[in-house]
Asker: 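Sharing a structure here in structure tokens format.
To find a chain, count down the sequence lines: A is the first, B the second, and so on, and within it residues start at 1. Bear in mind the structure is a predicted one, so any value in this text is a computation, not a measurement.
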There are 2 protein chains.
Amino acid sequence: MAARDQQRAPTIHDVAARCGVAASTVSRAFSRPERVNAATRQRILDTAEQMGYQPNPIARALPSGRTRTLGLLVPDITNPFFLDLIRGAERAAATAGYTLVLADTEESSDTETTVVDRLAGAVDGFVLASSRLSDSRLRAAYARKPLVVVNRRVPPVPGVLIDSAQGTRQAVEHLASLGHRRIAYLAGPRASWSDARRWRALQTVARRRGLHAVRIGPLAPTVDAGVAGADAVLLEDVTAVVTFNDLLAIGVLRRLRARGIDVPHQISVVGCDDIFGADFCHPPLTTLTAPIEAAGRTAVDQLLGLLDNSAAPRRDIVLPTRLTIRDSTSEAPTRLRQEVTG
Amino acid sequence: MAARDQQRAPTIHDVAARCGVAASTVSRAFSRPERVNAATRQRILDTAEQMGYQPNPIARALPSGRTRTLGLLVPDITNPFFLDLIRGAERAAATAGYTLVLADTEESSDTETTVVDRLAGAVDGFVLASSRLSDSRLRAAYARKPLVVVNRRVPPVPGVLIDSAQGTRQAVEHLASLGHRRIAYLAGPRASWSDARRWRALQTVARRRGLHAVRIGPLAPTVDAGVAGADAVLLEDVTAVVTFNDLLAIGVLRRLRARGIDVPHQISVVGCDDIFGADFCHPPLTTLTAPIEAAGRTAVDQLLGLLDNSAAPRRDIVLPTRLTIRDSTSEAPTRLRQEVTG
DNA sequence: GCAACTATGGCAACCGGTTGCCAAACCTTG
DNA sequence: CAAGGTTTGGCAACCGGTTGCCATAGTTGC
């Protein structure tokens with residue numbers, strides 16, 4: 001079976017020859033029906049069908065400069081958070097007849113730059129999720145190509161933001177009403193916009209409710225980091241932990257369990273995102289449910305809007321989170337010291 | 001900020017003009033360094049660098065017919081199994097300097113055909129994971145384009161197979177040694193190659209060990225189907241369930257828990273794949289660990305091998321699974337009837 | 001019956017690279 | 001110094017479509 005003999009795909013010229021017309025007529029039969037006689041057109045369409053003609057997207061893209069392809073860059077495919085994001089983006093792209101190119105930037109700003117440069121000529125625009133690029137580099141990229149960022153705020157680059165501030169408020173009030181007085185926040189990556197937002201929201205509500213809040217981190221947004229973070233939490237005199245994301249929370253649950261600490265009765269844990277698994281880990285995780293798939297979808301829709309620049313001057317789109325209460329939170333233990341510090 | 005003014009990217013001609021050479025010389029400066037004077041070449045490279053020239057991948061692909069892009073089609077992005085597969089494929093593609101196009105075929109053979117047709121001109125080859133295409137359609141596609149299938153055996157199309165037969169044998173022997181005599185198999189989709197393999201392996205070992213095995217299904221490979229399947233399991237007089245995949249197993253765990261049935265002491269559960277979450281569900285799942293990411297990587301490597309048809313006539317690559325014992329299996333309950341039937 | 005208009009299809013340039021072929025310039029060598 | 005060989009760079013065709021412009025034929029109106 002040596003060399004595979006790819007039979008060359010029929011081109012517009014093959015169809016034209018078979019029909020006895022010019023290639024341009026065949027082209028128009030597809031793209032400008034009104035410019036060609038109905039009978040001729042039908043004949044061309046029939047022959048094309050019969051020959052199995054498929055327009056070559058590459059050749060089509062060259063003159064027009066439009067590939068009907070979108071690039072989605074994520075810092076780490078490994079993270080299930082991005083699974084939902086990819087899913088939403090893929091759905092939206094497919095619906096619009098666009099193709100999605102997926103790339104992992106490996107949490108590296110340099111890799112991200114390289115990939116953007118390499119792909120720039122091959123896609124009509126980018127969705128950069130949790131970009132590690134600096135603001136200025138993002139703006140520079142935006143000047144070259146249509147671009148939407150997810151979970152970054154870099155005007156004038158349009159962004160889709162999952163805002164956990166509101167959800168965080170709910171989470172802290174939930175904890176407060178359960179009698180918790182001292183809580184820890186397990187922070188995410190230093191550069192994360194979401195992390196900053198969440199910590200600020202948490203602090204604000206904690207102050208208003210008279211709770212004491214300590215920040216631990218920054219940490220990588222992974223299960224392993226959560227395992228390590230749990231030990232740090234135990235050094236603090238707290239009865240509840242709020243984590244940057246569910247991966248961290250799951251790591252915390254695992255470690256606390258290994259150390260024989262009962263969740264939620266000794267320590268309550270609140271995650272963020274409600275990723276796959278948050279509902280069946282042990283105990284099922286109280287978490288901030290984030291519309292991740294919607295974010296992916298929205299980002300692509302925004303990008304498509306940018307592409308036909310018909311669209312009005314756009315602003316960031318903020319999607320809210322909400323608290324989902326499961327079994328990893330309960331009343332604060334009474335046996336621990338709980339003097340209110342302020 | 002009305003219409004975005006995309007500054008046109010510099011082309012080979014712009015660089016050529018700036019250097020006072022012909023475009024072809026610039027092209028050769030990149031692709032055939034030995035065909036151009038070292039000094040000239042350096043001058044060109046410098047100007048290109050300074051002008052921010054990036055070769056246009058589309059234009060490059062047109063004459064060569066090679067896009068350095070691979071298409072990965074999965075039946076359902078929602079399934080975390082494919083997350084690992086995507087990850088492996090993306091890594092392998094990136095390593096080889098290839099770009100990955102991702103598409104969801106929505107479990108539909110027609111969608112899959114459409115997507116393959118649409119993408120055929122834009123990619124150098126396909127990886128079809130758990131394809132829903134018929135054998136003949138797969139062979140037809142293979143005649144048109146380099147192609148690798150995952151978890152399908154359709155000679156002469158090269159395949160990467162995660163073979164759970166060996167692992168299934170281990171799983172059944174594990175259950176047998178724990179005293180289980182009657183086990184149920186929760187089957188996956190009807191068209192699944194893996195499902196057929198597993199059921200056959202399970203039956204064979206069961207017979208040899210004098211166990212009774214019943215098959216329940218076919219079922220969709222989802223958590224919800226597992227929830228429903230659990231009830232069917234309870235109608236059978238069994239002490240253990242082996243499921244087609246972890247999603248089903250997680251559904252079973254959830255349902256049994258809801259019905260107050262203790263896993264593993266009343267019923268043992270064995271999953272398959274060891275997806276994200278299998279280690280932290282409750283109880284942590286005994287499962288067949290499948291090298292999913294390796295499968296994605298291998299499939300892409302196979303495909304790349306096909307592309308420089310240097311490669312020798314290739315055969316299917318079979319990757320083994322192995323049993324990972326966690327806490328969802330234990331000794332068979334003694335209070336249940338256990339007469340050996342057979 | 002002729003001018004003016006419309007419908008239809010072909011020609012050729014173009015998108016941005018790649019590459020076969022040729023020619024000029026330079027280098028060897030006897 | 002001439003003959004032959006080697007370097008080096010330019011020209012032009014090509015990949016497979018799209019599209020502006022023109023020509024022809026057919027239609028309409030007066």
Side-chain angles (χ1 to χ4, degrees), chain A residues 6-45 47-48 51-69 117-124 144, chain B residues 6-45 47-48 51-69 117-124 144:
Chain A
Q6 318 282 31
Q7 61 249 54
R8 201 177 57 88
T11 74
I12 212 170
H13 294 95
D14 302 327
V15 177
R18 197 80 112 74
C19 279
V21 298
S24 49
T25 306
V26 177
S27 173
R28 278 191 280 256
F30 287 99
S31 47
R32 251 182 207 55
E34 76 286 359
R35 273 303 319 272
V36 46
N37 181 287
T40 316
R41 171 156 192 265
Q42 196 52 55
R43 193 155 46 90
I44 292 174
L45 261 37
T47 340
M51 297 177 73
Y53 167 74
Q54 289 277 139
N56 180 328
I58 302 289
R60 202 199 282 254
L62 191 48
S64 69
R66 308 203 54 191
T67 59
R68 297 190 71 81
T69 297
D117 283 348
R118 189 164 58 84
L119 254 37
V123 303
D124 292 345
R144 278 215 304 157
Chain B
Q6 316 284 28
Q7 62 249 52
R8 200 177 59 89
T11 76
I12 212 170
H13 295 96
D14 301 327
V15 178
R18 203 65 119 81
C19 280
V21 298
S24 49
T25 306
V26 177
S27 172
R28 279 192 280 257
F30 287 99
S31 47
R32 252 182 209 56
E34 76 286 0
R35 274 301 321 272
V36 45
N37 183 285
T40 316
R41 172 157 191 264
Q42 197 51 56
R43 193 156 45 90
I44 292 175
L45 261 35
T47 337
M51 296 178 74
Y53 166 74
Q54 288 277 140
N56 180 329
I58 302 288
R60 202 199 283 254
L62 190 49
S64 70
R66 308 203 56 190
T67 58
R68 297 191 72 80
T69 297
D117 283 349
R118 190 165 57 84
L119 253 38
V123 303
D124 292 345
R144 278 215 305 156

Asker: To the nearest 10°, let me know how far the axis at one end of the helix from C/dG1-D/dC30 to C/dG30-D/dC1 is tilted from the axis at the other, five pairs an end.
Answerer: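 One end's axis against the other's: 40°.
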Asker: Just distance, no hydrogens or angles: give the donor-acceptor pairs under 3.5 Å from side chains in residues 51-66 of chain B, sequence neighbours left out.
Answerer:
| unit_1 | atom_1 | unit_2 | atom_2 | d |
| --- | --- | --- | --- | --- |
| B/Gln54 | NE2 | A/Asp117 | O | 3.4 |
| B/Asn56 | OD1 | B/Ile58 | N | 2.7 |
| B/Asn56 | OD1 | B/Ala59 | N | 3.2 |
| B/Ser64 | OG | B/Arg60 | O | 3.1 |
| B/Ser64 | OG | B/Ala61 | O | 3.4 |
| B/Ser64 | OG | B/Arg66 | N | 3.1 |
| B/Ser64 | OG | B/Arg66 | O | 3.4 |
| B/Arg66 | NH2 | B/Tyr98 | OH | 2.9 |

Asker: Suppose the criterion is side-chain hydrogen bond (donor to acceptor under 3.5 Å, both in side chains): which pairs have a residue in residues 25-44 of chain B, not counting sequence neighbours?
Answerer: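 Residue pairs with at least one partner in residues 25-44 of chain B: B/Gln42-B/Asp46.
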Asker: Could you list all N or O pairs between the protein and nucleotides 14-17 of chain D that sit under 3.5 Å apart?
Answerer:
| unit_1 | atom_1 | unit_2 | atom_2 | d |
| --- | --- | --- | --- | --- |
| D/dC15 | O2 | B/Pro63 | N | 3.2 |
| D/dG16 | N2 | A/Ala59 | O | 3.3 |
| D/dG17 | OP2 | A/Ile12 | N | 2.8 |
| D/dG17 | O5' | A/Tyr53 | OH | 3.1 |

Asker: Scan nucleotides 7-9 of chain C against the protein and return all N/O pairs shorter than 3.5 Å with their distances rounded to 0.1 Å.
Answerer:
| unit_1 | atom_1 | unit_2 | atom_2 | d |
| --- | --- | --- | --- | --- |
| C/dT8 | OP1 | A/Asn37 | ND2 | 3.2 |
| C/dG9 | OP1 | A/Thr40 | OG1 | 2.5 |
| C/dG9 | OP2 | A/Asn37 | N | 2.8 |
| C/dG9 | N7 | A/Arg35 | NH2 | 2.9 |
| C/dG9 | O6 | A/Arg35 | NH2 | 2.7 |

Asker: Below 3.5 Å, can you tabulate the donor-acceptor pairs from side chains in residues 13-22 of chain B to any protein atom, sequence neighbours excluded?
Answerer:
| unit_1 | atom_1 | unit_2 | atom_2 | d |
| --- | --- | --- | --- | --- |
| B/Asp14 | OD2 | B/Arg8 | NH2 | 3.4 |
| B/Asp14 | OD2 | B/Thr11 | N | 2.7 |

Asker: In whole Å, I'd like the distance from the CZ atom of B/Arg32 to the C1' atom of D/dG10.
Answerer: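 These atoms are roughly 16 Å apart.
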